[in-house]
There are 2 protein chains.
Amino acid sequence: MWVMRTDERITLAMAELLRRQGYAATGVNQLARAADAPTGSIYHHFKGGKREVAEAALRSTGAAYIRLLPLLLDPYEDLVEGIEAAFAAAGEDMRGTGWANMCPVGTVTGEVADVEPRLREVAGEVMAGWIEEGTRYLAGRGLSEPGARSAMYALLAALEGAFILARGLRSVEPFAAAGRSVAAYVAALGDRAAEPGGAIIR
Amino acid sequence: MWVMRTDERITLAMAELLRRQGYAATGVNQLARAADAPTGSIYHHFKGGKREVAEAALRSTGAAYIRLLPLLLDPYEDLVEGIEAAFAAAGEDMRGTGWANMCPVGTVTGEVADVEPRLREVAGEVMAGWIEEGTRYLAGRGLSEPGARSAMYALLAALEGAFILARGLRSVEPFAAAGRSVAAYVAALGDRAAEPGGAIIR
DNA sequence: CTCCCACTAGAACGATCTCTCTAGAGAGAC
DNA sequence: GTCTCTCTAGAGAGATCGTTCTAGTGGGAG
């Protein structure tokens with residue numbers, strides 16, 4: 001049977017801990033236990049220690065998350081409808097995991113951007129990548145480039161915020177409302193793009 | 001000259017630290033230094049220790065934040081226009097503070113909801129209060145009650161998410177886009193409410 | 001004045017933190 | 001077989017954590 005490499009196990013365990021309890025509250029010993037690896041192995045694979053593990057975890061989950069965008073939206077011919085459905089799916093996933101499945105990138109950014117500047121940088125790079133890829137995707141679905149970019153900013157903001165509200169309120173309602181809001185925005189962008197005057201800029 | 005009570009100073013310093021570096025990364029000694037109070041005084045005023053101080057900080061900033069809603073939106077006769085302006089103002093405030101002025105309620109919720117259940121509860125109460133008061137306000141501005149509630153969920157989600165994105169990306173663009181998105185949603189709700197058929201539900 | 005009590009002040013405690021260090025296991029080269 | 005090198009394993013160092021504890025200060029009541 002194939003087994004995961006130790007450094008991958010460590011990265012994955014860190015990502016899981018980050019999204020449940022953040023960076024500062026996660027200890028190296030706890031990480032070692034979760035990854036089923038001794039403390040020494042962590043420092044063997046990640047000479048930068050806890051921070052370097054967190055960087056790797058942010059990058060790896062960042063890459064995984066953006067792949068969900070086409071995965072969730074491709075099945076819907078109507079983009080607006082797809083967005084509402086995607087938000088609803090995210091909400092159900094959160095409910096199913098006991099309101100724990102936060103986005104680690106958002107959690108870490110909110111938590112220690114000042115105290116750990118390197119993590120802020122990495123999170124910023126991941127987010128910028130999301131914007132770029134997401135903009136390309138939405139433009140491919142018919143939005144103007146500036147409209148797609150703006151919609152992507154709005155979508156990510158609504159999504160990250162919905163995670164937080166849902167976690168605090170223990171309700172999927174924030175996801176439902178955020179989805180309707182972003183859908184309305186994309187619909188408005190599309191309407192205006194379809195007008196005789198042509199595409200709208202903002 | 002009037003001086004602030006010690007417990008108020010402690011609460012305020014905690015709120016400031018929470019929104020800059022979160023709960024876990026904030027130490028009691030650091031809090032004492034920031035509040036200019038000895039460690040003993042903290043435990044005299046807050047027998048529950050660090051957690052109780054955080055609870056007080058969440059409640060007090062929660063009450064302060066919701067007051068901003070009418071303060072920012074009342075000057076605008078057009079609600080949709082006011083929402084865009086309010087988001088822009090929040091973004092500029094964040095830029096002006098070096099991208100540090102997060103919402104402590106959002107930060108703490110994302111960070112330690114699992115590890116500190118009591119803080120999650122308090123954050124949930126604060127958020128629920130925001131929804132209630134905000135719904136009343138938006139209904140007073142002409143939205144149907146269900147529409148106002150949904151808009152409030154969307155507004156808060158977009159706002160909390162914009163804080164995070166702006167902090168990571170060091171840009172006000174997330175606030176601008178989130179503002180446009182929520183504005184588009186409120187406009188759509190209003191349009192439909194103004195239709196001959198009457199108010200829309202969702 | 002004395003008494004009282006709210007509060008200040010910070011030393012000290014045990015636990016826990018990140019990180020380092022030494023010892024050895026195990027696979028592949030020769 | 002032996003040598004080598006990567007990785008495992010966890011004990012330990014040194015700092016810092018949240019909290020408790022004792023001592024002392026200062027202002028108002030009687």
Side-chain angles (χ1 to χ4, degrees), chain A residues 1-18 20-58 104 107-108 111-112 114-120 122, chain B residues 1-18 20-58 104 107-108 111-112 114-120 122:
Chain A
M1 178 195 154
W2 182 80
V3 259
M4 208 184 290
R5 284 207 321 269
T6 303
D7 59 331
E8 287 174 340
R9 249 174 29 237
I10 294 170
T11 305
L12 210 69
M14 176 57 108
E16 198 59 30
L17 288 167
L18 283 183
R20 284 176 186 272
Q21 52 182 46
Y23 178 77
T26 296
V28 174
N29 275 332
Q30 187 184 15
L31 172 63
R33 238 177 295 127
D36 198 27
T39 321
S41 292
I42 294 179
Y43 286 89
H44 173 78
H45 292 287
F46 301 89
K47 286 154 213 331
K50 177 180 165 180
R51 180 172 347 121
E52 196 183 314
V53 182
E55 290 175 29
L58 290 185
T107 309
V108 172
E111 185 193 356
V112 290
D114 275 20
V115 158
E116 294 281 357
R118 184 80 194 105
L119 288 183
R120 202 278 308 165
V122 173
Chain B
M1 178 194 155
W2 182 80
V3 260
M4 209 183 288
R5 283 208 322 269
T6 302
D7 60 332
E8 287 174 341
R9 249 174 28 238
I10 294 170
T11 306
L12 210 68
M14 177 57 108
E16 197 60 30
L17 287 167
L18 282 184
R20 285 175 186 271
Q21 52 183 45
Y23 179 76
T26 296
V28 174
N29 276 331
Q30 186 184 17
L31 172 62
R33 239 177 296 125
D36 198 27
T39 321
S41 291
I42 294 177
Y43 285 88
H44 173 79
H45 293 287
F46 301 89
K47 290 163 214 322
K50 177 180 167 180
R51 178 171 350 118
E52 196 183 315
V53 182
E55 289 175 27
L58 289 185
T107 308
V108 172
E111 184 193 356
V112 290
D114 275 21
V115 158
E116 293 281 356
R118 184 79 194 104
L119 288 184
R120 201 281 307 165
V122 172

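Letters A, B, ... are given to chains in the order of the sequence lines, protein chains preceding strands, and every chain is numbered from 1. For clarity, every value in this text was computed on a predicted model and none was experimentally measured. FYI, side chains are in, hydrogens and waters are out, and symmetry mates aren't considered; it's all heavy atoms of this structure.
Each of A:Lys50 and B:Ala37 was assigned the nucleotide of DNA chain C with the nearest heavy atom; the assignment lying further toward the 5' end belongs to B:Ala37. Nearer the 5' end of DNA chain D, as judged by each residue's closest nucleotide, is the contact made by A:His45, out of A:Asn29 and A:His45. The nearest heavy atom of DNA chain C to A:Ala24 and to A:Gly40 marks one nucleotide each, and the one closer to the 5' end goes with A:Ala24.
The shortest side-chain heavy-atom distance between A:Lys50 and A:Met14 falls under the 4.5 Å cut-off.
Between the P atom of D:dT8 and the CZ atom of A:Arg5 lies a distance of 11 Å, rounded to the nearest Å. The interatomic distance linking A:Phe46 (CZ) with D:dT6 (P) rounds to 17 Å, in whole Å. Atom-to-atom, CD1 of A:Ile10 to C1' of D:dA9 comes out at 13 Å; the value is rounded to the nearest Å. If you measure from atom CD1 of B:Ile42 to atom P of D:dC21, you get 17 Å, rounded to the nearest angstrom. Note: CD (A:Glu116) to P (C:dT18) measures 11 Å, nearest angstrom. C:dG10 atom C1' lies 14 Å from atom CG of B:Asp36, rounded to whole Å. Across the protein-nucleic acid pair, B:Arg9 atom CZ and C:dT8 atom P stand 7 Å apart, rounded to whole Å. At whole-Å resolution of the value, NE2 in A:His44 and P in C:dG26 are 16 Å apart.
Annotation: the span from A:Leu31 atom CG to A:Glu16 atom CD amounts to 12.0 Å, rounded to 0.5 Å. To the nearest 0.5 Å, the span separating OG1 on A:Thr6 from NE2 on A:His45 amounts to 4.5 Å.
Here A:Ser41 reaches the OP1 or OP2 of D:dT8: one of its side-chain N or O atoms lies under 4.0 Å away. For C:dC19, the OP1/OP2 oxygens have no side-chain nitrogen or oxygen of A:Thr39 closer than 4.0 Å.
Counted within 6.0 Å of CZ on B:Arg51, heavy atoms from surrounding residues, nucleotides or ligands total 12 or fewer; the atom is thus considered open.
One N or O on the side chain of B:Glu111 and one on the backbone of B:Ala24 form a donor-acceptor pair closer than 3.5 Å.
A:Val28 comes within 4.0 angstrom of sugar-phosphate atoms only, judged by non-hydrogen atoms across all strands, and of no base.
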